[in-house]
Number of protein chains: 2
Amino acid sequence: MQYVKIKDAIVEQIEAGMLSPRQKLPAERKLAESFDTTRVTLREALSLLEAEGRIYREDRRGWFISPLPLRYDPGQALSFLDMAQMQNRLAKTEVLNASTCLADKQATRLLALPAFSDVFCINRVRYLEDRPVVLVTNYVQSKLTPDLLAHDLTQSLNQLLCNQYGLKQKQVRYRIATSTLLGSIAQALRATSGTPAMVIERVHFDSTGSIIDAAIEYWRHDAISIESCLELK
Amino acid sequence: MQYVKIKDAIVEQIEAGMLSPRQKLPAERKLAESFDTTRVTLREALSLLEAEGRIYREDRRGWFISPLPLRYDPGQALSFLDMAQMQNRLAKTEVLNASTCLADKQATRLLALPAFSDVFCINRVRYLEDRPVVLVTNYVQSKLTPDLLAHDLTQSLNQLLCNQYGLKQKQVRYRIATSTLLGSIAQALRATSGTPAMVIERVHFDSTGSIIDAAIEYWRHDAISIESCLELK
DNA sequence: GAGTGGTCTAGACCACGGA
DNA sequence: CCGTGGTCTAGACCACTCA
């Protein structure tokens, strides 16, 4: 099992601090040569490192060392920016698009809507140190929040809903699973199709138990570590 | 991108119900032939399906269709068996080994122990419909629970600690991340080294805030979906 | 013992990124 | 425009599973 040895050799270099976060690895052909093997086998080793969350790939740009993951607490209603700031990370948000549209399958499921409802749909990419780490799709029932799209959407949607519309999140239901980044989602994160991903779905409720909004987050799986602390019943 | 088309063709067959959960796919060479391609490309398609959680592999035995994942709520102090039963799943637990040993690096970190402490270390594999889905390693401070290992360890450790020793879990701290199954962990789950995994670390506290025990769970990533509902502060 | 999956070789072409 | 990563070919050998 040559590819395991290659993987271990690279892990050793990472842990010895010879390779720093976000640093690019040498070209695949060069690495293959230096480990005296073929590209196929070398790529097997790289895929394994990727699955372990130690390196990541930018589509057609190469392989890079993964930075520490962001600690993410689903129990805290913290915005991405606040979370990043508390962990001394440099965060940025980019709005890909924001529009009113007919609820798609996911939106109707998450928001428990009747068919053909109108919703606001917002797609944003979040960056850590200029690396795109998560694509977030927010769905908000349009009747609750007129003119929502007129506001600055790079800020926390949670805070916006609270301050502008008095919609306070009291409860969250979430689901976490693994999958892959495909097509346009992969593109938005500069990832190759098929990159491992962590998918988080959230539905927010107000104090009366009504649904406020929902979100689906596609994370590069190496960029997040979910950590929380809670009381048991 | 031939392998994406192959993947889609197989997905279609799964969703049409032509392939049922736990059913074995044809041999790689046969699949490759029927899609008129080589094994390398075919395996790329299979790996993608695996990463999406739609199929899984048993080491040297072949590829199988993934059953529905088990819904797992970290906020409920439910035992694996109760969880499975509530979802009409057939569960089984196998004790791999249970012993007193010097705390390793992980145990000292999770239990916040001084160096060279004695702990009970229990390794168990949990099955759903005879498929091994998770390897659980439990660490318990030995001084709190004399003779722990004399009891039936196929039952819920949580319940055992509560009923036999009066140790009631009041709080849990957990961490969820993705990684891979390697070496003996992979073997215990009949998986190939490098299989995608969901790793859950848990530390349990009693009502005084003292640590009772800790656990590390290595899940086949397609076998679990983490779902919870909680109040926001 | 036949067939299978796990691993590896030694090439190839293309489209894209970056200079 | 060069070099890169993404994709694909057509084989091979071995160790293991299973009948």
Side-chain angles (χ1 to χ4, degrees), chain A residues 1-10 22-51 55-65 130-132 180-184 186-196, chain B residues 1-10 22-51 55-65 130-132 180-184 186-196:
Chain A
M1 281 172 332
Q2 209 173 330
Y3 71 89
V4 176
K5 284 177 191 154
I6 296 173
K7 184 213 71 170
D8 289 338
I10 297 177
R22 302 180 57 231
Q23 187 179 331
K24 189 178 183 304
L25 291 178
E28 291 182 0
R29 286 169 178 83
K30 289 200 177 135
L31 280 174
E33 196 189 0
S34 75
F35 286 109
D36 194 28
T37 183
T38 58
R39 267 183 79 205
V40 176
T41 300
L42 175 84
R43 280 170 66 89
E44 202 121 351
L46 294 176
S47 296
L48 188 49
L49 283 162
E50 180 186 47
I55 66 174
Y56 66 96
R57 201 173 0 174
E58 298 211 351
D59 194 42
R60 288 172 192 285
R61 258 170 285 247
W63 299 85
F64 303 82
I65 306 295
D130 291 319
R131 175 191 174 210
T180 63
L181 305 175
L182 291 175
S184 60
Q187 260 178 36
L189 297 178
R190 279 190 229 141
T192 310
S193 248
T195 299
Chain B
M1 282 171 335
Q2 208 172 330
Y3 71 90
V4 175
K5 284 176 191 153
I6 297 173
K7 185 213 70 169
D8 289 339
I10 298 177
R22 302 178 58 231
Q23 186 179 333
K24 189 178 183 304
L25 291 179
E28 291 183 0
R29 286 169 177 83
K30 289 201 178 134
L31 279 175
E33 196 189 359
S34 75
F35 285 110
D36 194 28
T37 184
T38 59
R39 265 183 80 204
V40 176
T41 300
L42 176 84
R43 280 170 66 89
E44 201 120 352
L46 294 176
S47 296
L48 189 49
L49 283 162
E50 181 186 46
I55 65 174
Y56 66 97
R57 220 190 320 196
E58 298 211 351
D59 195 41
R60 289 175 191 284
R61 259 170 283 251
W63 299 85
F64 304 82
I65 306 296
D130 291 317
R131 175 192 175 208
T180 64
L181 305 175
L182 292 175
S184 59
Q187 261 178 34
L189 296 179
R190 281 189 229 142
T192 310
S193 248
T195 299

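Scope of the values below: all heavy atoms of this structure, side chains included, with no hydrogens, waters or symmetry mates. Labels below follow one simple rule: chain letters A, B, ... track the order of the sequence lines, proteins then strands, and each chain is numbered from 1.
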Item checked: Under-4.0 Å side-chain N/O to phosphate OP1/OP2 contact, B:Thr192 with C:dG6 -> yes

Checklist line | Short side-chain N/O contact from A:Lys24 to OP1 or OP2 of D:dG5, under 4.0 Å | finding: yes

Item checked: Value in whole Å for how far the P atom of D:dA10 lies from CG of B:Asp36 -> 9 Å

Next item on the list: Please state how far atom CE in A:Met1 lies from atom P in C:dT9, giving the value in whole angstrom units.
Entry: 14 Å

Next item on the list: In whole angstrom, give the distance that lies between atom CD of A:Glu33 and atom P of D:dG3.
Entry: 14 Å

Next item on the list: Measure from the side chain of B:Arg43, starting at C-beta and using heavy atoms only, and say which of C:dG6, D:dC8, D:dT7 lies closest.
Entry: C:dG6

Under 3.5 Å between N/O atoms: give me all the protein pairs with nucleotides 13-19 of chain D, atom names plus distance.
none

Check: What integer distance in Å separates B:Leu46:CG from C:dT4:P?
Finding: 14 Å

Notebook entry, point to check: For the side chain of A:Glu28, counting heavy atoms from C-beta on, which of C:dT7, D:dT7, D:dG6 is nearest?
Noted result: D:dG6

Item checked: B:Tyr3 vs D:dC8: side-chain N/O to OP1/OP2 distance below 4.0 Å -> no

Notebook entry, point to check: Is the distance from OP1 or OP2 of C:dT7 to the nearest side-chain N or O of A:Thr41 less than 4.0 Å?
Noted result: no

Checklist line | Partner residues of B:Arg61 under the salt bridge (charged side-chain N to carboxylate O under 4.0 Å, His left out) criterion, sequence neighbours left out | finding: B:Glu58

Check: Roughly how many Å is it from CD in B:Glu50 to P in C:dG5, rounded to a whole number?
Finding: 14 Å

Next item on the list: Please determine if a side-chain N or O atom of A:Thr38 lies less than 4.0 Å away from the OP1 or OP2 oxygen of C:dG11.
Entry: no

Notebook entry, point to check: Does the B:Thr195 side chain pair with the main chain of B:Leu181, one donor and one acceptor, at a distance under 3.5 Å?
Noted result: no

Check: Between C:dG6 atom C1' and B:Leu42 atom CG, what is the distance in whole Å?
Finding: 14 Å

Check: With B:Arg29, which residues qualify under salt bridge (charged side-chain N to carboxylate O under 4.0 Å, His left out), at least two apart?
Finding: none

Note to self: Looking at C:dG6, I'd like to know if its phosphate oxygens (OP1 or OP2) sit under 4.0 Å from a side-chain N or O belonging to A:Gln2.
What the structure shows: no

Margin query: Going by the rule ring pair (Phe, Tyr, Trp, His ring centres under 6.0 Å), which residues pair with A:Phe64 if we only count those two or more places apart in sequence or in a different chain?
Written below: A:Tyr56

Checklist line | Partner residues of A:Tyr3 under the ring pair (Phe, Tyr, Trp, His ring centres under 6.0 Å) criterion, sequence neighbours left out | finding: none

Check: Is A:Lys24 atom NZ crowded by more than 12 heavy atoms from other residues, nucleotides or ligands, each under 6.0 Å away?
Finding: yes

So which protein N/O to nucleotides 1-3 of chain C N/O distances come out below 3.5 Å?
none

Checklist line | B:Ile65 side chain reached by B:Arg22 side chain, heavy atoms, under 4.5 Å | finding: no

Please list every donor-acceptor pair under 3.5 Å in which a side-chain atom of residues 40-51 of chain B meets a protein atom from a residue at least two apart or in another chain.
unit_1  : atom_1 : unit_2  : atom_2 : d
B:Arg43 : NH1    : B:Glu28 : OE1    : 3.2
B:Arg43 : NH1    : B:Glu28 : OE2    : 2.8
B:Ser47 : OG     : B:Arg43 : O      : 3.0

Item checked: Length of the CZ-C1' vector between B:Phe64 and C:dT4, whole Å -> 11 Å

Checklist line | Which residues share a side-chain hydrogen bond (donor to acceptor under 3.5 Å, both in side chains) with A:Arg57, sequence neighbours left out | finding: none

Note to self: Distance check needed: C:dC16 P versus A:Arg190 CZ, whole Å only.
What the structure shows: 18 Å

Next item on the list: Mind checking side-chain hydrogen bond (donor to acceptor under 3.5 Å, both in side chains) for A:Gln23 and listing every partner two or more places apart, or none if nothing turns up?
Entry: A:Ser20

